[in-house]
Amino acid sequence: MAGTRGMDVSELSPDQARAEMARLAKEIFHHDILYYQHDSPLISDADYDALRARYRALETRFPDQAPTLSPEKRVGVGVDAAKGFGKVPHLVPMLSLDNAFDESDVRDFAARLRRALGLGPDASLRYMAEPKIDGLAITLRYQHGRLIQGATRGDGQEGEDVTANLRTVVDIPHNLTPPFPDILDVRGEVYIRRDDFAAFNERQMAEGKPLFANPRNAAAGSLRQLDSAVTAQRPLRFLAYALGDVSQPLAARQSDLRLRLKEMGFTLNEPSRLCEGEDDLLAYQQEMERLRPALPFDIDGVVYKLDDLAGQEKAGSVSRAPRWAIAHKFAAQKALTRLRQVTFQVGRTGVVTPVAELEPVTVGGVVVSRATLHNRDEMARLDIHEGDMLRLQRAGDVIPQILEALPDQRIPGAQPVIFAAHCPECGATLARLDGEVATRCPDRLGCPAQLLEGLRHFVSRDALDIEGLGERSLREFYDKGWLASAADIFRLESRNQNADPPLAKWDGWGEKSAANLFAAIAARLTVPLARFLFALGLPQIGEVTARLLARHFISWARLRQSIERTDDSPDSPSRLELLRIEGIGPIMAEAIIGFFRETHNRAVLDDLESVMTIEDEVPVQAPASSPLSGKRLVFTGEMTAMTRPEAKAAAEALGAKVSDSVSAKTDMLIAGESAGSKLTKAQALGVKVLNEEEWLAVLSIAQTA
Ligand code: IVH
């Protein structure tokens with residue numbers, strides 16, 4: 001069927017057209033992903049336009065032969081914006097909410113609402129009261145129960161297409177539980193739980209990456225990643241609370257609507273309460289303020305919504321907020337305190353972070369004495385002077401955030417705080433690279449802070465997990481001259497044998513703790529590949545990516561050999577091999593290749609190889625509960641949403657056995673476009689046949705099971 005591409009569309013047979021369209025659709029989809037999600041196109045705009053023009057000509061002439069996932073129907077990635085995410089118009093505008101700050105605001109809201117509904121001042125209204133989650137509003141479009149698009153709120157009229165990223169959010173269903181209307185827009189909040197946020201920031205710190213000020217910022221940053229593999233590693237969640245465009249009404253009340261959303265597979269924002277009249281609302285708000293510290297997520301208030309949906313319609317909206325709902329905000333947890341000094345901390349990758357050391361102050365029940373100032377730009381924005389009075393807020397309840405410095409309370413003659421010019425650890429002149437927010441210590445090899453942070457990561461719990469080797473003891477060994485690289489950790493015991501005094505006699509150490517430490521180190525002489533990779537602390541490589549690499553390459557020798565073979569050519573086979581691993585985008589791939597290219601890193605690896613044994617990755621046992629486990633599958637024909645190897649890998653990861661030929665033992669044949677003899681054989685044998693769309697549905701059910 002190859003070679004039809006140069007032919008005039010009018011000369012093609014329907015079969016030829018179908019095959020070419022399937023091929024083109026896949027190619028276009030592939031380039032869309034490279035362009036929109038990875039920000040790294042492989043072909044010129046003109047070549048891309050030519051592909052689309054050819055496809056359009058084919059689909060115009062052969063509409064019946066179009067693949068299910070036609071690039072002309074926009075799915076997945078946005079395809080009409082010049083750069084970044086595509087734009088999505090909201091068929092029903094995404095409104096914001098008016099705020100109430102006290103009881104009288106709430107009573108005024110109720111009075112206005114009664115008037116809008118033509119009711120007397122004594123009429124009692126029923127409301128649904130819900131927590132107001134501090135995250136990001138998004139809208140999800142479902143067609144026949146399948147998630148086809150997701151977008152941010154944007155300006156309320158038009159948002160950004162972040163479908164690929166939203167597909168990675170754990171509690172966003174890809175397929176709804178029936179019954180559902182043909183078209184359904186579900187709205188809600190993407191957010192990060194407080195505990196997940198704390199763990200995430202810890203990981204960022206361990207990996208030398210910038211910290212986020214609060215869960216909301218982290219959620220926003222994660223949703224706007226161009227590489228959805230990055231988003232997939234962020235602990236995003238979703239709570240549903242409203243509808244947009246729907247093909248048929250779901251309920252007559254907000255409370256019933258919530259039940260329907262739940263039945264279809266969504267998670268709701270709880271605790272909610274059906275309230276009769278305003279007194280009930282105020283009691284709910286007080287109770288929620290009490291509960292607030294115990295909730296798993298940040299809330300900045302509660303939302304009251306008229307329960308009766310017909311009433312909502314009748315009340316309508318003014319400017320950009322509905323008359324039938326209001327947000328009752330909590331008083332913010334803020335405090336004032338003085339700056340003692342600004343210190344500068346150096347991370348594993350050399351990033352220097354300014355930290356405000358404060359007069360201890362209680363904010364929302366927690367004593368705060370330090371707060372990150374993030375980076376040079378943030379320091380400039382705050383225009384901090386020595387000894388300034390600072391206003392801070394505990395957002396996210398984990399990391400306090402400095403909102404502003406108060407110039408009118410400034411100490412006369414106080415000087416602006418200047419960002420360090422030299423590394424506080426090694427004295428090197430700090431540098432800021434073009435286009436980077438971070439200021440770095442350039443002395444990658446000689447800076448003790450970078451080495452020690454790297455070692456701290458190397459032995460940390462999710463890496464080598466060596467107990468008893470904390471920050472302090474690493475520093476002690478370093479100061480003693482026993483530690484100059486990771487492999488030296490395994491030489492500590494032999495160094496100690498000739499030492500005078502030996503470790504057991506050092507301050508804070510004894511025979512037992514020294515022996516325990518050496519035993520803990522010896523126990524890690526052999527490590528699984530994934531742990532080893534994570535421990536190396538490659539830029540961009542967290543635990544998830546380390547596992548992906550390990551599963552793909554199986555052995556350390558093969559991984560190292562393959563990556564070190566990579567040359568500069570964009571289609572060097574080993575570069576392409578990396579890029580083919582699902583979850584690894586071009587940015588990560590280059591970071592990995594770059595790491596293995598550095599002479600110093602290679603010497604560190606040689607040294608590690610000489611002392612450690614790195615175990616091959618053991619193929620994962622698929623969960624016994626997977627609906628696909630043990631099933632025998634055969635793929636045939638052309639698929640549009642994923643390549644055949646990708647589909648095969650996804651099926652195998654869920655415990656399916658994939659084979660090339662159909663037999664009576666085959667459980668399912670997945671037939672893409674232009675399937676041939678295998679399809680005929682499967683039909684003859686009575687084997688279950690799925691088209692691509694059905695396969696994607698089965699896959700997403702199995703993945704979430
Ligand atoms: S209802 C017209 N319900 O608050 C209906 N919004 O300040 C508008 N939000 O953009 C949304 N929790 O991002 C609604 N339970 C909740 C909410 C909620 C948080 C956010 C949402 C909205 C913003 C308005």
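Ligands are counted one by one from 1 in listed order, and the atoms in each one are counted from 1 as well. Excluded from the calculations below are hydrogen atoms, water molecules and symmetry mates; all remaining heavy atoms, backbone and side chain alike, are included.
- A salt bridge does not link D280 with R273: every distance from a Lys NZ or Arg NE/NH1/NH2 to an Asp or Glu carboxylate oxygen is 4.0 Å or more.
- Side-chain contact annotation: R258 with N269, donor-acceptor N/O pair under 3.5 Å present.
- A 4.5 Å side-chain heavy-atom check between L274 and R253 finds every atom pair outside the cut-off.
- Of the charged side-chain nitrogens involved, at least one lies within less than 4.0 Å of a carboxylate oxygen, so that D298 and R194 count as a salt-bridged pair.
- Within the 4.0 Å heavy-atom cutoff, R187 does not count among the residues contacting ligand 1.
- Of the heavy atoms in E130, only side-chain atoms (C-beta onward) come closer than 4.0 Å to ligand 1.
- Under 4.0 Å from ligand 1, the heavy atoms of N269 that appear belong solely to its side chain.
- From the protein, the heavy atom lying nearest to atom 4 (O) of ligand 1 is K132 NZ, 3.1 Å.
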Begin with the C-alpha distance, continue with both residues' side-chain angles, and end with the deciding distance and a verdict on side chain to side chain contact (heavy atoms under 4.5 Å, CB included) for L147 and R167. CA-CA 8 Å; L147 175 63; R167 282 189 201 279; 4.1 Å; yes
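- Looking at E189, K329, M128, it is E189 that brings a heavy atom closest to atom 20 (C) of ligand 1.
- Between W324 and ligand 1, a contact under 3.5 Å exists for no N or O pair.
- Those atoms of ligand 1 that come under 4.0 Å of a heavy atom in I133, given as number and element, are 12 (N), 19 (C).
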Under the criterion side chain to side chain contact (heavy atoms under 4.5 Å, CB included), I'd like the reasoning laid out for M264 against L250: C-alpha separation, chi angles, the key distance, then a yes or no. CA-CA 11 Å; M264 286 187 285; L250 277 190; 3.6 Å; yes
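- Summary of contacts: the protein heavy atom closest to atom 3 (N) of ligand 1 is K305 NZ, 2.9 Å.
- Between the choices L136, V302, L97, the shortest heavy-atom distance to atom 24 (C) of ligand 1 belongs to L97.
- Taking any N or O of S96, backbone or side chain, none lies under 3.5 Å from an N or O belonging to ligand 1.
- Legend: ring-ring contact (aromatic ring centres under 6.0 Å, His included) pairs involving residues 93-137, not counting sequence neighbours: none detected.
- In this comparison of A327, P322, A325, the heavy atom closest to atom 2 (C) of ligand 1 sits on P322.
- For atom 17 (C) of ligand 1, the nearest protein heavy atom (residue, atom name, distance) is Y241 CE2, 3.5 Å.
- Using a non-hydrogen distance threshold of 4.0 Å, P131 registers as a contact of ligand 1.
- Comment: K329 does not engage D98 in a salt bridge, judged by the lack of any side-chain N to carboxylate O separation of less than 4.0 angstrom.
- Take A137 and apply the side-chain contact (heavy atoms from CB on, under 4.5 Å) test, not counting sequence neighbours, and it matches M94, R153, E189, Y241.
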